[in-house]
Amino acid sequence: MTDAHPALDGTAVTGGDAARADAGPVRTDGDAAGAVAVAGRDSFARIIAALIRVTGDWTLAEDCAQEALALALERWPADGVPANPGGWLMTVARNRAVDALRRASTERRKLEEVAVLALADPGPGTGKEQVVDDRLRLVFTCCHPALPLEGRVALTLRTVCGVPTADIARAFLVSESTMTRRLTRAKTKIADAGIPYRVPAGPALAERLPGVLAVLYLLFTRGYDAGGEPAFADEAIRLARLLERLMPDEPEIAGLLALFLFQHSRRDARRDGDGDLLTLDRQDRSRWDHAAIAEGVAALARTRQDSAGARRGGSGVREDGPYVLQARIAACHATAACADATEWTAIAACYDALVRIQPSPVIELNRAVAHGYAYGPAAGLELLAAARAGGALDGYPPALAAEADLIARDGGRERAAALFRRAAALSGGEAERRALLDRADRLLA
């Protein structure tokens, strides 16, 4: 998150007719393709989750959901958009699954699955708790720690978000066939390892939730970084909203959502007219998404409402978790009227707490920057030296940029310019490199 602070920056068409009968009256809509896209985005995960729950077959579930979307693209332009698009898609997908299972029903279990699917109610009458459980099962299964981290991200994108495999492959810099094999391996791992399709309960939930949130965080970062896919950041926000609705008593989820919203609110102001990255102090704050900031403030407020231990049967006050703390830091930037109005002492205090519960060289680096702005460059440089003592930040461009920024603020403009140029030479991204060279040039102008 580069602008966190100024320094670092084939099947018969049985399903279609049944769907029309189940889904209610049809209305005419000129933008049928758009309606399919919206319905698919809103219903894809619910359809797949429901079919996986009954059949246990990930590939069948995904194929049937895709066939339902394809049939909608074929029929809705001529027939009109159903009054209940999601119910229409669910009915078609369910009927396609029934057809497939009937053709393969050589075992009693398969016959039982056909009966369950044939009786299932896919429309709005479906119990809310079942829909909630289905979606949570899907998210927690895709994010199971037995899968490699990038496999979890890719499977979440494909199965929960419905992102085409080709788009995922492009983001991961691999071919579509390679990504298809990765996704197949992940699904096979779930089946062969007997990974349960369920939401963990009790202490196991507390153990697993950070892993789920880490997947969302990585997904957002892949969309937010300078060379990322912006749509991935949008999907991470959508998933965080969904997860908070499904698990409203988990403050870290609300904190993560707030963090995403604060960061993403700056997406239209992060670059100048030439496409170069701008640090926070140089961004036009009128171009920030203030509706997203307001939503982030509301989400962050919900973490305070949940901080009282009484909601979980305890007493006293629970400390903020890492995502809530990061959200509080981002809120200080997002709500400041101008760069000079940023509450750096509050940011420094949040980093002090964050480094205690989640120590890492990068967090120590950011803490040094925050202290440098809150208490002066000398204080920041002292903490930066301590953060670099173990060598973990050697050759790390953001560390060099942070040192350069602090030195420049302490009057050493030429030395700071040299450090910015050194950071640029080590930077792996063209946008970051240009931004660092620009900072060096402005110091010597």
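Because the structure is predicted, anything quoted here is derived from the model rather than measured.
Using a 4.5 Å cut-off on side-chain heavy atoms (C-beta onward), Ile47 and Arg94 make no contact. A heavy-atom distance below 4.5 Å is found between the side chains of Leu213 and Leu243. Gln326 places a side-chain heavy atom less than 4.5 Å from the side chain of Gln358. Within the 4.5 Å cutoff, the side chain of Arg439 has heavy atoms near those of the Asp405 side chain. For the pair Arg181/Thr178, a side-chain contact is recorded, criterion being any heavy-atom separation below 4.5 Å from C-beta on. Using a 4.5 Å heavy-atom cutoff, the side chains of Phe44 and Leu69 are in contact. Contact of the Leu325 side chain with the Ile357 side chain is registered, since non-hydrogen atoms from C-beta on lie closer than 4.5 Å.
Taken from CD1 in Ile237 to CZ in Phe232, the straight-line distance is 14.0 Å, to the nearest 0.5 Å. The distance from the CD1 atom of Ile347 to the CG atom of Leu354 is 12.5 Å, given to the nearest 0.5 Å. Atom CG of Leu147 is separated from atom CD1 of Ile190 by 5.0 Å, given to the nearest 0.5 angstrom. With rounding to the nearest 0.5 angstrom, the CZ atom of Arg433 is 8.5 Å from the OG atom of Ser427. The distance from the CH2 atom of Trp58 to the CG atom of Leu51 is 12.0 Å, given to the nearest 0.5 Å. Note that CD of Glu343 is 5.5 Å distant from SG of Cys332, once rounded to the nearest 0.5 Å.
For Asp268, there are no salt bridge (Lys or Arg N to Asp or Glu O under 4.0 Å) partners at least two apart in sequence or on another chain. Taking Arg285 as the reference, nothing meets the salt bridge (Lys or Arg N to Asp or Glu O under 4.0 Å) condition, with sequence neighbours excluded. The side chain to side chain contact (heavy atoms under 4.5 Å, CB included) check on Thr335 picks up Ile293, Val297, with sequence neighbours excluded. Listed by chain and residue number, His371 satisfy the ring-ring contact (aromatic ring centres under 6.0 Å, His included) test with Tyr375 (two or more places apart in sequence, or in another chain). Residues meeting the salt bridge (Lys or Arg N to Asp or Glu O under 4.0 Å) test with Arg409, sequence neighbours left out: none. With sequence neighbours excluded, the residues that form a ring-ring contact (aromatic ring centres under 6.0 Å, His included) with Tyr323 are Tyr217. Contacts of Ala146 classified as side chain to side chain contact (heavy atoms under 4.5 Å, CB included), with partners at least two apart in sequence or in another chain: His144, Lys189, Ile195. Contacts of Arg170 classified as salt bridge (Lys or Arg N to Asp or Glu O under 4.0 Å), with partners at least two apart in sequence or in another chain: Asp167, Glu229.
Using a distance-only test at 3.5 Å, with no hydrogens or angles considered, no donor-acceptor pair links the side chain of Thr342 to the main chain of Trp344. A donor-acceptor pair is defined here as one N or O able to donate and one able to accept, closer than 3.5 Å; no such pair exists between the side chain of Glu176 and the backbone of Ala169. Formation of a donor-acceptor pair under 3.5 Å by the Tyr197 side chain with backbone atoms of Ala49 is found in this model. Side-chain atoms of Ser43 never come within 3.5 Å of backbone atoms of Arg46 as a donor-acceptor pair (strictly under, hydrogens ignored). Side chain of Glu252 to backbone of Pro210: no donor-acceptor contact under 3.5 angstrom is found.
Of all the heavy atoms in Leu426 and Gly395, the pair that sits closest is CD1-O, 3.7 Å.
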Next item on the list: Kindly determine whether Leu216 and Phe260 satisfy side-chain contact (heavy atoms from CB on, under 4.5 Å), including the steps that lead there.
Entry: CA-CA 10 Å; Leu216 267 63; Phe260 289 170; 4.3 Å; yes
List the steps, then state whether side-chain contact (heavy atoms from CB on, under 4.5 Å) holds for Val215 with Phe220. CA-CA 9 Å; Val215 170; Phe220 180 84; over 6 Å; no
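The pair Asp276-Arg271 does not count as a salt bridge, with every side-chain nitrogen at least 4.0 angstrom from each carboxylate oxygen. By the 4.0 Å N-to-carboxylate-O rule, Arg422 lies too far from Glu403 to be salt-bridged with it. Using a 4.0 Å cut-off between charged nitrogen and carboxylate oxygen, Arg266 and Asp289 do not count as a salt-bridge pair.
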Return all side-chain donor-acceptor pairs below 3.5 angstrom for residues 156-163, not counting sequence neighbours, or 'none' if the list is empty.
{"from": "Thr156", "atom 1": "OG1", "to": "Arg152", "atom 2": "O", "distance (Å)": "2.7"}
{"from": "Arg158", "atom 1": "NE", "to": "Glu62", "atom 2": "OE2", "distance (Å)": "3.0"}
{"from": "Arg158", "atom 1": "NE", "to": "Thr165", "atom 2": "OG1", "distance (Å)": "3.4"}
{"from": "Arg158", "atom 1": "NH1", "to": "Val163", "atom 2": "O", "distance (Å)": "3.1"}
{"from": "Arg158", "atom 1": "NH2", "to": "Glu62", "atom 2": "OE2", "distance (Å)": "3.1"}
{"from": "Thr159", "atom 1": "OG1", "to": "Leu155", "atom 2": "O", "distance (Å)": "3.2"}

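For residues 358-385, the set of pairs meeting the salt bridge (charged side-chain N to carboxylate O under 4.0 Å, His left out) definition, not counting sequence neighbours, comprises Asp352-Arg367. For residues 195-217, no residue pair satisfies the salt bridge (charged side-chain N to carboxylate O under 4.0 Å, His left out) rule, not counting sequence neighbours. The salt bridge (charged side-chain N to carboxylate O under 4.0 Å, His left out) pairs that include a residue from residues 235-245 are Glu235-Arg238, Arg241-Glu295, Glu244-Arg302, where partners are two or more places apart or lie in different chains.
For the pair Arg388 and Tyr396, the cation does not sit on the ring face, since its NZ or CZ is not both under 6.0 Å from the ring centre and inside 45° of the axis.
Within 6.0 Å of atom CD in Gln66, more than 12 heavy atoms from other residues, nucleotides or ligands are found, so the atom counts as buried in its surroundings.
Aromatic ring centroids of His264 and Trp288 lie 6.0 Å or more apart.
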